[in-house]
Amino acid sequence: MVSSLLLLLLDSRAPAGAHGHSGGMEPAVQAGLVADVADVERFCRFRLRTTGPAAAAFAAAACDLWRAGPGGTAEGDTASRWAELDGEFGARVASPASRAASRQQGRGLRRLVRSMAPEADLATPWRLVPRPAPHQPLVLGAAVAIAGGDARLAALAAALGTCTMPASAAVRLLGLDPYAVHGVLAGLAAEIDETGRAGAQLAAVSSREPRGPGLAKSGALACYATLPAGAAPALELLADVHACSEVRLFAS
């Protein structure tokens with residue numbers, strides 16, 4: 001059964017800071033790549049198929065890692081596992097602007113979790129992670145675990161977010177019909193579900209990966225390296241251009 005705490009966490013109206021980010025939509029609009037509802041659908045589908053699998057898999061892995069607790073890691077060092085997971089995700093994000101935006105979103109979500117679950121220790125496990133916070137999919141996965149959810153739900157939430165963030169931004173940027181844009185998201189539902197399912201499955205497999213020869217002694221680094229590494233180079237380049245723009249509505 002899904003708890004009300006989990007529903008509150010995943011509510012699009014929750015003050016997690018995501019409203020200040022467009023998921024790459026603003027620079028795409030500025031570049032003339034998105035102008036109408038059909039373009040929004042193509043953009044969201046493209047983002048789901050490129051960055052979506054990594055976001056889903058890393059959110060699921062983070063959920064599993066949080067649920068495992070301090071005693072559930074191979075080396076008995078939870079902080080090191082989190083740092084390695086965070087580093088692996090960062091290695092998949094080529095743009096410095098996109099990496100910074102991911103950490104900003106992670107910070108906003110962490111603040112929300114602290115307000116909803118003040119008993120959760122969000123400092124000790126992440127003490128080795130670069131500031132200001134872990135990347136957003138990692139915080140999302142931990143938050144879902146804290147609220148009683150599992151890796152499958154964390155992966156699904158991450159996959160959905162890769163589409164809802166730019167779609168919502170498109171409504172504000174282009175003055176589109178919000179019902180039509182929501183219809184676009186509904187049309188992507190089956191693919192979002194599959195991306196989430198695959199992400200959770202890949203995360204589960206990675207947690208069982210044996211330590212390979214020639215790899216670092218950390219088993220975490222070896223297994224997390226097998227998670228999806230898809231990317232969208234065009235969006236990464238646009239993100240860096242957008243970060244230098246003098247006039248913009250969104251932070252990213």
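- Judged purely by distance below 3.5 Å, without hydrogens or angles, the side chains of His242 and Glu26 pair a donor atom with an acceptor atom.
- One hydrophobic cluster, built from ILVMFWY side chains closer than 4.5 Å, cannot hold both Leu237 and Leu235; they sit in different ones.
- Under the 4.5 Å side-chain contact rule for hydrophobic residues, Leu112 and Leu7 share a cluster.
- Judged by distance alone, with hydrogens and angles left aside, the side-chain atoms of Arg127 form a donor-acceptor pair with the main-chain N or O of Thr124 at under 3.5 Å.
- Note: Gln136 CD to Leu109 CG = 6.0 Å, rounded to the nearest 0.5 Å.
- Counting heavy atoms from C-beta on, the side chains of Leu85 and Leu227 come closer than 4.5 Å.
- Taking the charged nitrogens against the carboxylate oxygens, Asp86 and Arg103 do have a contact shorter than 4.0 Å, which makes a salt bridge.
- Leu153 and Leu202 are members of different hydrophobic clusters when ILVMFWY side chains are connected at heavy-atom separations under 4.5 Å.
- No chain of hydrophobic side-chain contacts below 4.5 Å, direct or via other Ile, Leu, Val, Met, Phe, Trp or Tyr residues, connects Met165 to Leu238.
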For the pair His135 and Phe89, evaluate ring-ring contact (aromatic ring centres under 6.0 Å, His included) and give the outcome as yes or no after the intermediate values. CA-CA 7 Å; His135 286 289; Phe89 183 81; 5.2 Å; yes
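- A side-chain donor from one of Ser98 and Glu236 sits under 3.5 Å from a side-chain acceptor of the other.
- In this structure, the side chains of Thr78 and Trp126 stay at 4.5 Å or more apart for every pair of heavy atoms.
- For the side chain to side chain donor-acceptor pair (under 3.5 Å) test, residues two or more places apart in sequence or in another chain that qualify with Arg49 are Glu191.
- When the side chains of ILVMFWY residues are joined at heavy-atom separations under 4.5 Å, either directly or via intervening members, Val139 and Leu6 end up in a single hydrophobic cluster.
- The environment of CD in Glu119 is crowded: more than 12 heavy-atom neighbours from other residues, nucleotides or ligands sit within 6.0 Å.
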